[in-house]
Amino acid sequence: MVKRIYKITPHGKSTNVSKQPETEFIKQPNNSTAYTGDTLDLVEIKGTPRIGDKDTHTEDIDVKPNIYNGKEAHNGDCQDHKDGGPEIAIYGRRWYILAVFSLISFTQAAVWNTWGPIAVSCEKAFGWDDTILALLPNWGPIGSILTGWVASWSMDVQGIRMCCVIIAALTAISSAIRCIALEPPYITWTANISAFLNGLGGPVAMGASPVLSAAWFPPNQRITSTAIATLFNYGGVAASFLIGPLFERNDVLNTSHIGNLTQHDNRTMATNSNLIHDQDESEVAWIRHRITLVFYAECGWCFLLLIMVVVFFPSKPPKPPSTTASKERLDIKSGFRKLMRNKKFLQLCLAYGLPVGITALWAGTLSVDLKSYDVSETQAGWIGFYSIIAGCFGCLVMARLSDMFSKHIRQILIFLYSVAFLDYLWFNLILVDIIPRSIAHIYVSIIVGTLVVNASVPLWMEMACEITYPIAEGITTVVMLMVLNIVGLVFLGIQMIPNIGTAWENWSILGSIGVGIPVLLLMDDSYNRLSVDETISEKK
């Protein structure tokens, strides 16, 4: 095992490094844990000021990174700096860590969006109404609000490993609870308990990607890394839309069969009524059987993923991938106070939370929203699937463009929101028959709108982290998600009002995007974190 010593010497200030022999190693105060392949104990640097201390000037830290000409480093590839600056290394295992986290995010989102794509089938199989179907996805925002602050503290202090173990365990337990019973009224209780437990992991599934990117990836890959994790989260929602068509094929067969009985059978009306009743019972049993198969398969996958996370998932690499990754962040109290006084960040939360929050929740109940416009559950499921897949593609493309053309995130967001506004205006005009309505027009308008809104999400998160640095990425993204979830709670709460309809939901998307565009136009650019990394890179 190769042991290395890390020293960070603030510019212009003397530090008293422990006088113990260099062969004696002391664990860092942040309780970081070593893992197989990443084994590395660090010398404790006594007297090193922390960010937030009165005499600390974080922008004056004099460090000289070493990235070895852009090549990826492996264990033992880096050498210690004689000047005491932090060593910078890029590890190939970062892609494995990102892949595992992405699968966690994917699974949590798929479990959250279980019921929306099969809403019509659930009404038949369990006797549910729109109120119950609106409550189930609402547990996601409720759980996120309850655990947001704890998740933020844990990500920034304990690291993302513990958070990911907990969220994987919650998802596995919630998926197991759904398998207990599929008979009314028990299914109503198990479904709500499962949705609540799964929702508790929402802040990590949606908000830990910038934390992981900052800990494992170099500056020119941070937005791309965040985008990959984000598109997997959306991919989980898209995968759940594939479930909807599994439960509608039998509907068509039954309808046709009953129609033939009514027209060609000379039996009495009472006999026909019994046959229709038996046919309904058979359909209910068939739907419940399909749901059982899906639930058991998802439960097995969730426990497999939990094992993967427990076996190997370090919070951070032995050496940081960037200068800012090696620096301390503000504690959660100081960070929150600064966030609440940061005008740019508050503007960003408004422009992000309203459109993204409404669009995400609206997509989760697409089959209910489009039911009154003669769009079947199967068609709604495919619309939802294709739109989320398109959003994942747009998410990755825009992230790569943002990494290639750094410090232009705001301009890209203005472009995306302008396209989204025009698209959802077209969509609403289709629904009110000002523009001729067709299933093709509905398909295209929803897919394009979801593409551009979802593509903006990783850009919003990374822009927030840039604006608020040196506030910790965890608290920044969790506060953003809190705003998003509050918007979601209000949106889904309005849905639960009896006889309110769904037309207002479609116009609310257009209005929220219309609010976001002027906020973006009036907001200034600020790239605090990237500026530090680029300045140090130029000095190298």
Side-chain angles (χ1 to χ4, degrees), residues 99-126 128 133 136-137 139-140 164-184 186-202 205 231-251 282-311 313 363-364 366-367 377-378 380-382 384-386 388-389 392:
V100 173
F101 174 77
S102 298
L103 291 175
I104 295 173
S105 183
F106 175 95
T107 305
Q108 194 273 342
V111 173
W112 169 76
N113 197 43
T114 294
W115 305 106
I118 59 174
V120 177
S121 297
C122 289
E123 290 174 350
K124 297 177 182 178
F126 308 129
W128 289 351
L133 291 169
L136 287 170
W139 287 117
C164 288
V165 170
I166 293 174
I167 182 181
L170 286 172
T171 305
I173 294 171
S174 67
S175 65
I177 289 176
R178 300 187 308 182
C179 300
I180 294 176
L182 285 177
E183 297 289 334
Y186 307 109
I187 182 60
T188 305
W189 285 98
T190 58
N192 279 279
I193 294 172
S194 172
F196 173 71
L197 291 177
N198 184 70
L200 295 177
L231 70 86
F232 266 86
N233 187 266
Y234 286 132
V237 178
S240 63
F241 277 112
L242 293 177
I243 299 175
L246 295 177
F247 303 100
E248 187 153 325
R249 182 186 62 181
N250 210 37
D251 297 354
S282 176
E283 179 184 352
V284 168
W286 185 87
I287 293 174
R288 291 179 184 175
H289 175 68
R290 282 298 183 96
I291 293 177
T292 301
L293 293 178
V294 172
F295 282 3
Y296 274 99
E298 290 182 349
C299 182
W301 165 252
C302 289
F303 276 94
L304 175 62
L305 189 60
L306 174 60
I307 294 173
M308 293 173 60
V309 177
V310 171
V311 170
F313 194 88
L366 201 57
S367 61
E377 187 176 70
T378 298
W382 285 114
F385 174 77
Y386 289 132
I388 298 297
I389 292 299
C392 293

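Atom set for the values below is all heavy atoms of this structure, side chains included, hydrogens, waters and symmetry mates excluded.
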*Drop me the distance from Phe232's CZ to Ser105's OG, to the nearest 0.5 angstrom.*
9.5 Å

*Between Cys179 and Tyr296, what is the shortest heavy-atom contact and its length?*
O-OH, 3.9 Å

*Any chance you could measure Thr107, atom OG1, to Asn233, atom CG, to the nearest 0.5 Å?*
10.5 Å

*Taking all non-hydrogen atoms of both residues into account, name the closest pair between Thr190 and Ala181 and its distance.*
OG1-O, 3.7 Å

*Could you state the interatomic distance from SG (Cys302) to CG (Leu170), rounded to the nearest 0.5 Å?*
11.0 Å

_Interatomic spacing from CD in Gln108 to OG in Ser175 - rounded to 0.5 Å_ = 12.0 Å

*Test side-chain contact (heavy atoms from CB on, under 4.5 Å) applied to Phe196 and Ile193, Asn198, Asn192, Leu200, the passing residue*: Leu200

*Looking at CD1 of Ile291 and CH2 of Trp286, how far apart are the two atoms once the value is rounded to the nearest 0.5 Å?*
10.0 Å

_For Cys164 versus Ile167, what's the shortest heavy-atom pair and its separation?_
O-CG2, 3.1 Å

*asked:* Looking at every heavy atom in both Ala239 and Phe106, which two are closest together, and how far apart are they?
replied: CB-CZ, 3.7 Å

_Contact summary for Arg288 and Ala125, nearest pair of heavy atoms_ = NH2-O, 2.7 Å

_Has Ser240 got a side-chain atom pairing as donor or acceptor with Ala110's backbone, closer than 3.5 angstrom?_
no

*Can you name the nearest heavy-atom pair linking Ile388 to Tyr234, along with the distance?*
CG2-O, 2.7 Å

_Trp112 vs Pro137 side-chain heavy atoms within contact, under 4.5 Å_ = yes

*Is there side-chain contact between Thr114 and Arg178, with heavy atoms separated by less than 4.5 Å?*
yes

*Kindly say whether the aromatic ring centers of Trp189 and Phe126 come within a distance under 6.0 Å.*
no

